[in-house]
Visitor: 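One structure is given below, represented as structure tokens, and several questions about it will come after.
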Amino acid sequence: MTPDTSAIMEAYRSAGQAQVFAFYDRLSPEARRRLVSEAAEVDLGEVDRLVRTLVRSAGAHSLDLEGLVPAPYERLPSSGGDASAWARARAVGEEALRSGRVAAFTVAGGQGTRLGYDEPKGTYPVTPVRHHCLFQVFAEKLLAAGNRYGKPLHWFIMTSHQNHAATEAFFLEHRCFGLDPSRVHFFRQGRMPAVDFSGKILLESQGSLALSPDGHGGSLRALARSGALDLMASEGIDTLSYFQVDNPLVRCIDASFIGWHLARGSEMSSKTVPKAYPEEKLGHFCIQRGKLVVIEYSDLPVDLQRERDPVSGALRYEAGSIAIHVIDREFVRRMAEGPGGLPFHRADKKIATVDAAGADVKPSKANGVKFELFVFDALPFARNPVVVETARADDFSPVKNADGVDSPATCRADQLRQFARWLRASGVGVATDPSGKPNFSLEVSPLFGYDDETFKESWSRLAPKPEVVDGLYLGNTLK
Ligand code: UTP
């Protein structure tokens, strides 16, 4: 046993976590090395603090709602916002894109358990005709934006330990979907050990810890630790357009949103949509003690979620969070490297583990706790955070569940509605149901058009125009 190994084992013993090495003697030399290296990754002091505050004293705290009020936000011109302020914001954003200050950033380290898909979620096929995957949709949007603003974009993609190699291999296999590989950067997020309800770190097998990704909020420290922030600085990038891997409708690069962020001197900006109904599972943008916060749907009492403005009848807490942000590079550094940092959240989960004899256990109910960081917890630390409205139909249709709401089927229908709207706005008759969904399949590549404006430009240039029939695919006009 090396001195390092004995020091690590001793640290676990004195932290009351000696069970981690219960099967050490049975392991092969290679498996021992792996276990020790996983154990060395864990910050035992952090785990101890989390066990004391989140596991042992669970239920002791309820969320502090004192002084909470709904957050104001910049309304779209179509819902009463100032059209000239939006035009100014867009000009600022476009200038930033032309000068190459902006990079795209996707968090793709999640486990996608609800979807029940074993590959990296970004490889999931989502489009209606060609069945292109999420990563391809984003790649084409970024290519198109790079072409439009005359500056190819850098794309930072956060993976997890579990899906890193598979994600990189997928991009290699697909030649980065036409993007310059030197501008596509992958880095892994951190991971955290799961504990049982008494605070003991769980083993996933005799020779490995039950480790899982540290949440999308782990992106801030991973950006710093991986060197991504330094790379951005050397490339003159100071602004990150942040989006999740599961939402193909997202405007990956939205000049107006970027412009609002820059013009306001914001360190972290957010998009909002009005909640569709009171119990919709979106976080709520609120102000508390002068700070912008997101209160999760599970934390805001239902009577507050149902409160309505007596005059307009709109929900008081209507500003829903859709996990789209613009973030300042140096703000990320401050959050990652400065004191304090984001708070961890507790999630009770079924965690595969081993029993005292070392036999595998597949629990049928929650048997432990995972710790996760949420990126929106950075908002109260940001200077001048701005919340900007967006049209749900053009920005948000996530694939979370295998069936029902936010599933591949609802997302495909939302894509079809969007393509049909663009065609109609270009003067083409498309038969749809009352929800605007065409009763046939069609698909528009982002390289043809990624919003009503770019679609219209490409469509007007197209000669002869194709017949709008089932299976129509409008692809790259640049080829
Ligand atoms: P979700 O909260 O939907 O979690 O992630 P998930 O892990 O993908 O799915 P479930 O809950 O297991 O079904 C929202 C976004 O945050 C990313 C996901 O990849 C997705 O883009 N994420 C989440 C990370 O990058 N890392 C994490 O640790 C968690």
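No experiment lies behind these values; they were computed from the predicted model shown. Both counts, for ligands and for their atoms, begin at 1 and track the order of listing.
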Visitor: Aromatic ring centroids of Phe135 and Phe177 under 6.0 Å?
Guide: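 No, the ring centres sit 6.0 Å or more apart.
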Visitor: Which heavy atom of the protein is the closest neighbour of atom 16 (O) of ligand 1, given with residue, atom name and distance?
Guide: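 Nearest neighbour among protein heavy atoms for atom 16 (O) of ligand 1, to 0.1 Å: His216 CD2, 3.5 Å.
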Visitor: For atom 7 (O) of ligand 1, find the nearest protein heavy atom and state the residue, atom name and distance (0.1 Å precision).
Guide: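 Heavy-atom neighbour on the protein nearest atom 7 (O) of ligand 1: Gln111 N, 2.7 Å.
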Visitor: Heavy-atom distance under 4.5 Å between the side chains of Thr127 and Gln415, does that happen here?
Guide: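 Yes. Closest side-chain heavy atoms under 4.5 Å.
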Visitor: With heavy-atom distances below 4.0 Å as the criterion, list the atoms of ligand 1 near Lys400.
Guide: 1 (P), 3 (O), 14 (C)
Visitor: Looking only at protein heavy atoms, which one is nearest to atom 12 (O) of ligand 1, and how far off is it?
Guide: Thr113 OG1, 2.3 Å
Visitor: Of the protein's non-hydrogen atoms, which lies at the shortest distance from atom 6 (P) of ligand 1, and what is that distance?
Guide: Gly112 N, 3.6 Å
Visitor: Any atoms of ligand 1 less than 4.0 Å from a non-hydrogen atom of Val245? List them with their elements.
Guide: 19 (O), 21 (O)
Visitor: Quick one: nearest non-hydrogen protein atom to atom 28 (O) of ligand 1, plus distance?
Guide: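 Heavy-atom neighbour on the protein nearest atom 28 (O) of ligand 1: Gly215 N, 2.8 Å.
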Visitor: Determine, for Arg130 against Glu140, whether the closest basic-nitrogen to carboxylate-oxygen distance falls under 4.0 angstrom.
Guide: no
Visitor: Is it the side chain, the backbone, both or neither of Pro213 that has a heavy atom closer than 4.0 Å to ligand 1?
Guide: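 Within the 4.0 Å criterion, Pro213 contacts ligand 1 through backbone and side-chain atoms alike.
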Visitor: With a 3.5 Å distance limit and no angle check, can you tell me whether Ser445 reaches the backbone of Leu474 through a side-chain donor-acceptor pair?
Guide: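 Checked: no pair found.
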Visitor: Using the side-chain hydrogen bond (donor to acceptor under 3.5 Å, both in side chains) rule, take Tyr117 and Thr123 through it: C-alpha gap first, then chi angles, then the decisive distance, then the call.
Guide: CA-CA 10 Å; Tyr117 176 66; Thr123 68; 2.9 Å; yes
Visitor: Among all protein heavy atoms, pick the one closest to atom 1 (P) of ligand 1 and tell me residue, atom and distance.
Guide: Arg114 NH2, 3.7 Å
Visitor: Only distances under 3.5 Å count here; give the side-chain donor-acceptor pairs of residues 399-406 to other protein atoms, sequence neighbours excluded, each with its distance to 0.1 Å.
Guide:
unit_1 : atom_1 : unit_2 : atom_2 : d
Lys400 : NZ     : Asp246 : OD2    : 2.7
Asn401 : ND2    : Val405 : O      : 2.9

Visitor: Return the closest protein heavy atom for atom 21 (O) of ligand 1 as residue, atom name and distance.
Guide: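 The closest heavy atom on the protein side is Val107 O, 2.7 Å.
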Visitor: Without placing hydrogens or testing angles, list every side-chain donor-acceptor pair under 3.5 Å for residues 248-256, not counting sequence neighbours.
Guide:
unit_1 : atom_1 : unit_2 : atom_2 : d
Asp254 : OD1    : Ser256 : N      : 3.1
Asp254 : OD1    : Phe257 : N      : 3.4
Asp254 : OD2    : Lys271 : NZ     : 2.7

Visitor: Using a strict 4.0 Å cut-off to heavy atoms of Met158, name the atoms of ligand 1 that fall inside it.
Guide: 25 (O)
Visitor: May I ask you to check whether Glu307 and Gln305 show a side-chain donor-acceptor distance below 3.5 Å?
Guide: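 Result is no, nothing qualifies.
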Visitor: Quick one: look up the protein heavy atom nearest atom 22 (N) of ligand 1 and list residue, atom name and how far away it is.
Guide: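 Here the closest protein heavy atom is Gly110 N, 3.5 Å.
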